[in-house]
Student: 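The following block contains the structure, expressed as structure tokens.
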Amino acid sequence: MYEFAVAPAVTNIRRRGVTITAVTPLGLGAELELGPEDRIIKVNGRTVRDYLDFRFQTGGETDLVFEVRKKSGEAWEIEIERDEGEDFGLNFEPIIPRQCANECIFCFCKGNPQDARPSLFIRDEDVRLSFLYGNYTTLTSVTEDEMQRIIEQRLSPQYVSVHATDTEVRAYLLGIDENRADISNKMARLMNARIEIHAQVVLCPTINDGEILRRTIFDLAAYYPRVRSVAIVPLGLTRYNTDARLTAVTPESCRQTISEIISIQRELRTRLRTTFAFLGDEIYLRAGRRVPGRKHYGDYPQIEDGIGMVRAFGNQFAALLKRLERRSIEKRNNLKGTIMTGTLFAPVLRSWITKLNDRFGTKLQVEAVENRYFGGDVSVAGLLTGGDLLAARDRVCGDFVIIPKSTLKSDEEIMLDGTTLEDLIDQIGLPVLPLDLDSFVSMLA
């Protein structure tokens with residue numbers, strides 16, 4: 001998702017200040033004669049390490065003193081009086097994440113082909129990214145300075161990869177010693193400071209499933225609502241994962257997990273009035289089971305981890321159909337194209353597109369694309385590559401092709417295997433539209 005520079009997790013690295021990358025014309029920053037490549041070193045005498053520090057130290061303050069290192073090398077001290085809530089109009093360099101120091105046996109980075117983009121091998125372990133983007137951390141290498149920062153700056157919620165509350169099992173999964181694997185004191189400290197925690201379990205058959213999983217869920221549920229939820233997602237293996245300690249997730253193991261978790265969820269709903277322990281959508285789809293209804297997911301606390309995405313998509317698509325009917329959209333017989341997606345989501349999407357075709361005369365077809373780049377049991381849409389899509393181009397019909405927007409980098413029209421959108425258009429010979437549901441709706445309107 002990002003092309004990051006990486007700082008080792010075991011090193012307490014501090015850079016001097018944070019670099020400005022852009023200044024809004026006529027804004028307060030421009031009035032102060034700040035410019036790109038200037039670095040803000042301190043605010044009111046306190047060191048600034050990144051833009052989170054800057055935001056925290058300037059928040060609510062109207063009288064400020066900046067220590068600035070100009071692009072030219074000059075040192076400036078700027079005294080500022082600003083109106084309450086007045087924005088500085090400054091953009092800053094992205095956060096440089098700390099790298100994970102664990103050796104998780106299931107780490108997806110170990111399943112990349114050798115020629116994969118360098119960013120795919122970055123294993124971030126950063127509490128700042130946990131707060132900002134919902135990235136998971138294990139807390140095994142978190143420093144005292146970082147713990148204090150989470151609490152002082154209220155970097156809540158934090159997303160924590162627990163995997164197992166049994167310390168021996170957790171140490172085995174993370175590839176570290178039991179002393180480092182035990183984060184109970186760190187968790188307690190965060191919870192006592194009212195930092196909300198969302199936990200994750202990457203489910204590895206024969207290692208942390210069954211009774212170990214049951215114990216993990218109930219151990220975490222004992223801290224509700226400070227531990228707000230736990231997401232249980234399946235191990236993903238590519239054809240490059242060769243670790244003999246790992247057992248592939250199968251439809252049978254998914255059905256077994258669902259059967260075991262249903263009674264736990266029922267008990268927790270009675271006790272906590274929330275489902276609390278949520279299974280990843282992939283588990284239901286692989287098992288051939290229906291994804292639970294809207295009420296099951298509450299406020300969708302872990303939707304970015306694939307918890308409730310299918311249900312949310314279905315609800316949104318149903319609302320789309322009703323909206324189109326209310327607007328009396330005419331038949332769209334001229335709308336003919338192919339929608340490419342991963343093999344896991346294709347049946348779900350196909351059922352909704354069939355309803356759209358039947359009601360509005362569109363002629364859209366859904367094609368399930370096999371992931372040959374990663375292989376193994378990788379079947380989610382967002383990990384499809386240009387090579388995968390091109391391998392299925394003989395199945396393309398109509399005037400255009402729709403691909404999942406998530407297959408492209410967030411800041412560049414390039415796919416995981418280096419194929420650009422332009423390459424894809426040239427080789428398919430039709431317009432290729434990278435869309436999410438919102439942009440698909442705009443196309444239909």
Side-chain angles (χ1 to χ4, degrees), residues 1-6 94 97 107-124 129 133-135 233 236-241 281-282 285 304-306 309-310 313 337-350 353 364-440 442-443:
M1 188 164 72
Y2 308 98
E3 296 286 359
F4 278 138
V6 180
C107 181
F108 194 82
C109 292
K110 297 178 179 179
N112 290 319
Q114 291 298 316
D115 61 350
R117 263 202 336 257
S119 61
L120 296 184
F121 293 94
I122 292 175
R123 301 179 294 172
D124 63 90
L129 300 185
Y133 307 117
N135 293 20
V233 297
L237 293 178
T238 76
R239 58 192 168 100
Y240 302 99
N241 290 107
D281 294 0
E282 191 174 346
L285 296 179
E304 295 301 326
D305 200 27
M309 277 189 170
V310 170
F313 177 87
T338 301
I339 304 175
M340 292 181 157
T341 190
T343 55
L344 192 67
F345 186 59
V348 176
L349 181 58
R350 189 176 290 119
I353 292 299
L364 302 174
Q365 68 175 39
V366 175
E367 289 297 331
V369 178
E370 180 185 356
N371 195 311
R372 301 181 180 182
Y373 184 75
F374 288 108
D377 57 18
V378 175
S379 53
V380 296
L383 294 178
L384 288 172
T385 68
D388 299 326
L389 297 171
L390 289 172
R393 60 186 161 184
D394 61 334
R395 291 185 271 147
V396 168
C397 295
D399 305 320
F400 57 86
V401 176
I402 295 173
I403 63 171
K405 187 176 181 179
S406 57
T407 60
L408 299 177
K409 279 186 67 181
S410 59
D411 58 349
E412 189 178 356
E413 292 183 335
I414 190 171
M415 309 187 80
L416 290 172
D417 62 351
T419 303
T420 66
L421 182 60
E422 184 178 359
D423 293 335
L424 208 58
I425 294 170
D426 287 344
Q427 295 187 58
I428 290 180
L430 292 171
V432 177
L433 312 175
L435 304 180
D436 54 17
L437 184 57
D438 288 338
S439 46
F440 179 71
S442 298
M443 185 184 77

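We're numbering straight along the sequence, starting at 1.
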Student: How about CZ on R372, more than 12 heavy atoms from neighbouring residues, nucleotides or ligands closer than 6.0 Å, or not?
Tutor: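 12 or below, so no.
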
Student: Drop me the distance from I353's CD1 to I402's CD1, to the nearest 0.5 angstrom.
Tutor: 7.5 Å

Student: Whether the side chain of T238 engages the backbone of G111 through a donor-acceptor N/O pair (distance < 3.5 Å, no angle test) should be reported.
Tutor: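 Yes; at least one donor-acceptor contact below 3.5 Å.
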
Student: Of all heavy-atom pairs between N112 and C109, which one has the smallest distance, and what is that distance?
Tutor: ND2-O, 3.3 Å

Student: List in chain and number order the residues that pass ring-ring contact (aromatic ring centres under 6.0 Å, His included) with F345, two or more places apart in sequence or in another chain; answer none if no residue qualifies.
Tutor: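 Testing F345 for ring-ring contact (aromatic ring centres under 6.0 Å, His included), a comparison that skips the adjacent residues, returns F313.
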
Student: Does F108 have any ring-ring contact (aromatic ring centres under 6.0 Å, His included) partners at least two apart in sequence or in another chain, and if so, which?
Tutor: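 Residues passing ring-ring contact (aromatic ring centres under 6.0 Å, His included) with F108: F374.
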
Student: Once rounded to the nearest 0.5 Å, what's the spacing between atom CG of L437 and atom OG of S439?
Tutor: 8.0 Å

Student: Carefully, step by step, assess L430 and D399 under the rule side-chain contact (heavy atoms from CB on, under 4.5 Å).
Tutor: CA-CA 7 Å; L430 292 171; D399 305 320; 5.6 Å; no

Student: Nearest 0.5 Å please: distance from the OG1 atom of T338 over to the CZ atom of R393.
Tutor: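 Output value for this atom pair is 14.0 Å.
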
Student: When you compare the side chain of T420 with that of E413, does any pair of heavy atoms fall below 4.5 Å?
Tutor: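 SC-SC contact between E413 and T420 ruled out.
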
Student: Can you tell me how far the CD1 atom of I403 sits from the CE atom of M340, to the nearest 0.5 Å?
Tutor: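 Here the rounded value is 9.0 Å.
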
Student: Counting only heavy atoms from other residues, nucleotides and ligands, does the tally under 6.0 Å from CD of E422 exceed 12?
Tutor: no

Student: Counting C-beta onward and ignoring hydrogens, is there a side-chain heavy-atom pair between L389 and V401 closer than 4.5 Å?
Tutor: no

Student: For D417 and G387, indicate whether the former's side chain and the latter's backbone hold a donor-acceptor pair under 3.5 Å.
Tutor: yes

Student: Given side chains that start at C-beta, do those of M415 and D388 come closer than 4.5 Å, heavy atoms only?
Tutor: no

Student: Less than 4.5 Å apart, any side-chain heavy atom of F440 and any of L364?
Tutor: yes

Student: Looking at G342, is its backbone amide N or carbonyl O close enough to the side chain of S379 to form a donor-acceptor pair, meaning the two atoms are under 3.5 Å apart?
Tutor: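 Side chain of S379 to backbone of G342: no pair is present.
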
Student: Sequence neighbours excluded, which residues qualify as side chain to side chain donor-acceptor pair (under 3.5 Å) partners of R395?
Tutor: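 R395 satisfies side chain to side chain donor-acceptor pair (under 3.5 Å) with E367 once adjacent residues are dropped.
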
Student: Roughly how far, to the nearest 0.5 Å, is OG1 of T385 from CD1 of I414?
Tutor: 11.5 Å

Student: If I take atom OG1 from residue T343 and atom CG from residue D377, how far apart are they, to the nearest 0.5 angstrom?
Tutor: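 T343 atom OG1 to D377 atom CG measures 10.0 Å (nearest 0.5 Å).
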
Student: Quick one, L435 and M443 - any side-chain contact, counting heavy atoms below 4.5 Å?
Tutor: yes

Student: Within the distance-only criterion (no hydrogens, no angle test), does the side chain of N371 pair as donor or acceptor with the backbone N or O of V378 below 3.5 angstrom?
Tutor: no

Student: Report yes if some heavy atom in the side chain of R350 is under 4.5 Å from a heavy atom in the side chain of T341; otherwise report no.
Tutor: no

Student: Donor-acceptor pair, D281 side chain versus M309 backbone, under 3.5 Å?
Tutor: yes

Student: Mind checking whether T407 and L416 have side chains closer than 4.5 Å, heavy atoms only?
Tutor: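 No, side chains not in contact.
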
Student: Can you name the closest pair of heavy atoms from C107 and R123 and give their distance?
Tutor: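 Nearest heavy atoms, C107 then R123: SG-CD, 3.5 Å.
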
Student: Are there over 12 heavy-atom neighbours, none belonging to K110, within less than 6.0 Å of that residue's NZ?
Tutor: yes

Student: Restricting to non-hydrogen atoms, name the atom on E282 and the atom on V380 that form the minimum distance, rounded to 0.1 Å.
Tutor: OE1-CG1, 4.2 Å

